[in-house]
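Start at 1 and go down the list; that is how both ligands and their atoms are numbered. This chain uses plain numbering: 1 for the first residue, then up along the sequence.
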Amino acid sequence: MGEASRRWAELQSGRGIPPEILAHAPADPWTHDPRDFRAPEVPADTPSRDAGLELLGGGGTVLDVGCGGGDAAFALLGPMTRAVGTDQQADMLEVFAEVARERGVPCATVPGRWPDVASDAGTADVVVSHHVLHNVVDLAPFLTALTTAATRGVVVEMLPEHPMAWLDPLWVRFHDLHRPPSATADDAIAVLVELGVEPEVRHWQRARRHPHDPDWVTRRLCLPPERSGEVDAALAEVPLRRRDAVTLLWRT
Ligand SMILES: C[S@@+](CC[C@H](N)C(=O)[O-])C[C@H]1O[C@@H](n2cnc3c(N)ncnc32)[C@H](O)[C@@H]1O
């Protein structure tokens, strides 16, 4: 394993929830609600969408890795001739398939963990993977499989640091847990460079914020729902969640 891959794995592993806290969590703090990830009717006009459209040109197929409800793939409606979604959370794939049906796009879904399911997913002209890298510990095989699956190129979208890093002050407050620093988008780029890939990097600001109401944050913090009021009060004191995002594009 290269130096950058090792650094990424160490930073990511360091941000796991300690088992003694997890053991007392009343609900799974990790699982995403598919309703929060349904692709919008009108896609956001973002540098990631531009990058996907550049690669698609007049038309082509798209593989969305860690697809959720298909935000990344369905932003490419028009030139996209077929959408394949893969996700380790099966209920996300139901939403992905439903959106494809509603929007009249031929579609397939592949349940499971990337890169384990890469051979089932096959290849596509364009591979997109948005907001997944911060979930991954062993990044090099994940990225290599994205490259191998794409006949034209790959678009990755991510936040500059772990999407939950803004909650670090609340881990101190509620659990006296001081979390190590997050891996960053620059750390991910270093892994790509180690793999011989020099991505084009676009920095921008997101208009939309993902949900972070007190009930959602309470579950993330492994606290029982009755502490939601306390969490709400504490949230007023932490800096607002950052809106900056990074798009990485590489041709294959
Ligand atoms: C934050 S959501 C992003 C969903 C969607 N890409 C979007 O931008 O709206 C992350 C998704 O990646 C999935 N995921 C995380 N790690 C994965 C892996 N190794 N293989 C497949 N899916 C993964 C999760 O189940 C979740 O649906």
query: Taking it one step at a time, do His203 and Val201 satisfy side chain to side chain contact (heavy atoms under 4.5 Å, CB included)?
result: CA-CA 7 Å; His203 293 272; Val201 183; 3.6 Å; yes
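- Contacts with ligand 1 closer than 4.0 Å are made by side-chain heavy atoms of Met92 only, the backbone lying farther away.
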Steps toward side chain to side chain donor-acceptor pair (under 3.5 Å) verdict (Thr218, Asp215): CA-CA 5 Å; Thr218 303; Asp215 291 345; 5.1 Å; no
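- The minimum heavy-atom distance linking Val95 with Gly69 is given by the pair CG1-CA, 3.9 Å.
- A salt bridge is absent between Glu161 and Arg179: the closest approach of a Lys/Arg side-chain nitrogen to an acidic carboxylate oxygen does not fall below 4.0 angstrom.
- Residue His131 approaches ligand 1 through these ligand atoms, each under 4.0 Å from one of its heavy atoms: 1 (C), 2 (S), 3 (C), 8 (O), 10 (C).
- Counting heavy atoms under 4.0 Å from ligand 1, residue Trp114 touches it through both backbone and side chain.
- Below 4.0 Å from some heavy atom of Gly66 lie the following atoms of ligand 1, by number and element: 4 (C), 5 (C), 6 (N), 11 (C), 12 (O), 13 (C), 22 (N).
- Considering both main-chain and side-chain atoms, His130 comes within under 3.5 Å of ligand 1 through a nitrogen or oxygen pair.
- Taking the six-membered ring where the residue is Trp, Phe74 and Phe96 present tilted rings, their angle falling between 30° and 60°.
- Residue His178 qualifies as enclosed at atom NE2: its count of foreign heavy atoms under 6.0 Å is above 12.
- Sparse packing is recorded around CZ of Arg7, with 12 or fewer heavy atoms of other residues, nucleotides or ligands lying under 6.0 Å away.
- In this structure, Gly112 is part of the shell of residues with a heavy atom less than 4.0 angstrom from ligand 1.
- At a heavy-atom distance under 4.0 Å, no atom of Ala72 approaches ligand 1.
- Taking distance alone, with nitrogen or oxygen atoms compared against 3.5 Å, Arg113 stays at or beyond that limit from ligand 1.
- Only the side chain of Asn135 comes within 4.0 Å of ligand 1, counting heavy atoms alone; its backbone N, CA, C and O stay farther away.
- Of the N or O atoms in Gln88, one or more lie within a sub-3.5 Å distance of an N or O in ligand 1.
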